[in-house]
Amino acid sequence: MSEGIDEGLRRELQRQGVWVTSMQELYNWGRKNSIWPLQFGLACCAIEMIATAASRYDIARFGGEIFRPSPRQADLMIVAGTVTKKMAPQIVRLYNQMPDPKYVISMGACAISGGPFKQGYNVLKGIDRYIPVDVYIPGCPPRPEALLHAFMELQRKIDSQKLSGADKAEFLKPEQPSEFPVPAFGEHDLQPPANPDVYHPPKLERV
Amino acid sequence: METLEQIKNRAQLAARGARIEIVVNPGPSQQSSLLIDNEYAVAVAKFLRDDPALRLDFCSNATGVDWLDRKIKKTVKVKTVVDGVEKEIDQTTEEAVSGYLEAVYHLYSMTLKHGPLIIRMRTANRTDGARLPSLTPIWRSAELQEREIFDLYGIHFEGHPDLRRILMWDEFVDHPMRKDYREPDDYEWEPTPHDDVLEKAKQHYTPRPQLDGAENIVAGGDSLNG
């Protein structure tokens with residue numbers, strides 16, 4: 001582990017042309033620079049996501065350009081756009097099909113909370129009701145810079161994840177679920193309307 | 001294109017027995033429409049499509065309208081004799097109209113480059129009689145739009161080739177565009193509620209009997225600074 005190496009000694013060795021690293025650092029370095037997102041878009045946020053992948057903003061600079069058409073090959077799900085209640089079970093199903101470690105970016109007002117359609121009957125009020133979200137990006141839609149920022153935040157998170165010890169990353173703990181129940185189509189709403197194991201709305205403090 | 005009056009008269013000649021009314025639109029658009037009797041709707045629609053002077057071959061839009069039970073107030077000036085003197089008195093009458101659902105079609109002619117002609121059909125009521133003849137056999141473009149009307153308003157189109165829900169899932173039972181639709185209550189997390197949303201969010205607030213008084217837990221008009 002890198003914590004075990006004296007930082008001064010490490011720098012001294014580096015000057016002499018000896019690179020000392022740890023399995024965790026190497027592993028995380030590789031992971032964070034080759035995040036493969038799942039290729040799907042739901043609404044106008046997807047257009048910004050496409051712009052982010054195209055030459056002007058170029059997400060390839062961060063190693064995220066390989067959009068995969070199959071969830072089996074993807075590390076990252078960018079929920080880009082309005083999640084309708086009819087679409088939500090499919091999103092959860094795709095998430096379940098992704099192999100661990102997997103990450104979710106909730107992009108734009110709709111994916112966070114329902115956005116301008118929050119009071120509608122047909123839009124899910126945030127994808128975090130069914131799957132855990134790592135990074136939220138506000139905006140309607142967020143600019144490509146915002147998505148790049150979220151991507152860098154996610155890289156920072158991946159880089160800080162530990163491979164062993166009590167505080168190791170969630171995906172390495174066997175008791176942590178990596179699949180979540182797919183909601184069913186009910187008579188008036190999705191059943192259940194939110195997964196209580198995942199969704200913890202903040203408590204409003206009234207004063 | 002001919003006037004609505006002429007079209008109405010010719011349609012009534014073509015489809016004998018059909019009752020057609022002109023629904024006047026007093027708004028700035030002045031787009032009045034023809035209200036077609038359900039029994040002869042297909043015959044009238046066929047006439048509108050095939051008549052050489054009309055050739056309304058394109059149904060660009062079909063939509064639904066929900067009319068709840070309502071009262072129409074009419075004020076009429078009535079001359080009456082009061083104490084031997086003739087006076088004009090405003091007399092207000094109320095007419096109760098029971099609710100119905102309506103389907104509205106906007107028709108154009110691609111061959112003759114005219115339109116729109118707007119036709120309407122009304123159901124008998126909003127419950128068991130919410131049935132209309134389908135105009136999909138006449139205008140193929142109405143197929144998906146009639147399915148949408150069926151999904152969101154609950155009008156059953158008789159003669160439609162494939163009447164299923166199109167936007168909502170099949171297990172759904174309500175018709176969300178109806179005016180008396182009650183949406184599911186998922187307002188437990190509303191950071192900045194106001195107006196209607198505030199009222200709905202209040203149902204989820206934790207009670208504060210010491211502040212609000214036990215009787216005002218839900219309906220308390222307090223401000224929210226969460």
Side-chain angles (χ1 to χ4, degrees), chain A residues 42-43 81-93 106 109-133 136 138 140 182-207, chain B residues 64 66 144 147-148 151-154 164-213 216-226:
Chain A
L42 297 173
T82 317
V83 186
T84 56
K85 286 178 181 171
K86 203 172 177 181
M87 194 65 184
Q90 277 70 264
I91 303 284
V92 179
R93 204 167 279 132
S106 181
C110 296
I112 293 173
S113 69
F117 313 109
K118 190 171 169 63
Q119 270 81 53
Y121 56 90
N122 55 341
V123 172
L124 186 71
K125 295 174 179 180
I127 192 61
D128 55 0
R129 283 171 179 250
Y130 295 115
I131 55 175
V133 174
Y136 295 86
C140 188
V182 178
F185 291 127
E187 291 190 347
H188 304 282
D189 200 358
L190 291 175
Q191 285 305 328
N195 182 354
D197 298 336
V198 178
Y199 180 56
H200 307 290
K203 280 248 158 28
L204 278 175
E205 283 295 326
R206 289 192 295 155
V207 283
Chain B
D66 182 16
L144 296 187
R147 273 179 69 185
E148 189 180 340
D151 189 356
L152 302 183
Y153 290 90
R164 289 179 289 138
R165 284 189 182 271
I166 185 168
L167 296 172
M168 306 307 287
W169 49 92
D170 292 335
E171 294 85 348
F172 198 72
V173 292
D174 301 324
H175 302 293
M177 289 294 277
R178 285 203 187 184
K179 284 174 181 167
D180 52 1
Y181 170 71
R182 287 279 161 272
E183 61 192 329
D185 182 22
D186 43 9
Y187 287 84
E188 68 275 17
W189 166 232
E190 292 291 336
T192 54
H194 51 85
D195 302 340
D196 295 352
V197 179
L198 177 60
E199 289 305 312
K200 287 169 183 165
K202 274 181 181 170
Q203 310 291 324
H204 294 278
Y205 287 169
T206 43
R208 305 181 303 176
Q210 70 282 4
L211 274 173
D212 302 333
N216 293 326
I217 287 169
V218 169
D222 49 35
S223 63
L224 192 84
N225 306 316

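In what follows, chains carry the letters A, B, and so on, assigned in the order in which the sequence lines appear, proteins first and then strands, with residues in each chain numbered from 1.
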Handout entry: B:Glu171 CD: over 12 foreign heavy atoms closer than 6.0 Å
Key = yes
Exercise for the section: Please work out which of the three classes, parallel, tilted or perpendicular, describes the rings of A:His188 and B:Phe172, given edges at 30° and 60°. Expected result: perpendicular
Handout entry: Salt bridge flag under 4.0 Å for residues B:Asp170 and B:Arg164
Key = no
Practice task
Name, in order of residue number, those residues of residues 81-89 of chain A that have a heavy atom at a distance of less than 4.5 Å from a heavy atom in chain B; otherwise write 'none'.
Solution key: A:Lys85, A:Lys86
Problem - Gap between atom OH of B:Tyr153 and atom NE2 of B:His175 - 0.5 Å precision - result: 12.5 Å
Exercise for the section: Pick out which of B:Lys200, B:His204, B:Gln203 makes a side chain to side chain donor-acceptor pair (under 3.5 Å) with B:Asp185. Expected result: B:His204
Fill in the blank from the handout: d(B:Leu152 CG, B:Asp174 CG) to nearest 0.5 Å is 11.5 Å
Handout entry: Residues in residues 112-119 of chain A that sit under 4.5 Å from chain B, counting heavy atoms only
Key = A:Lys118, A:Gln119
Completion exercise
One should read off an interatomic distance between B:Met168 CE and A:Asn122 CG, to the nearest 0.5 angstrom, of 6.0 Å
Problem - Salt-bridge present (B:Glu148, B:Arg165; N to O < 4.0 Å) - result: no
Exercise for the section: Flag the pair A:Tyr130 / A:Val198 as yes when at least one side-chain heavy-atom distance between them is below 4.5 Å, and no otherwise. Expected result: no
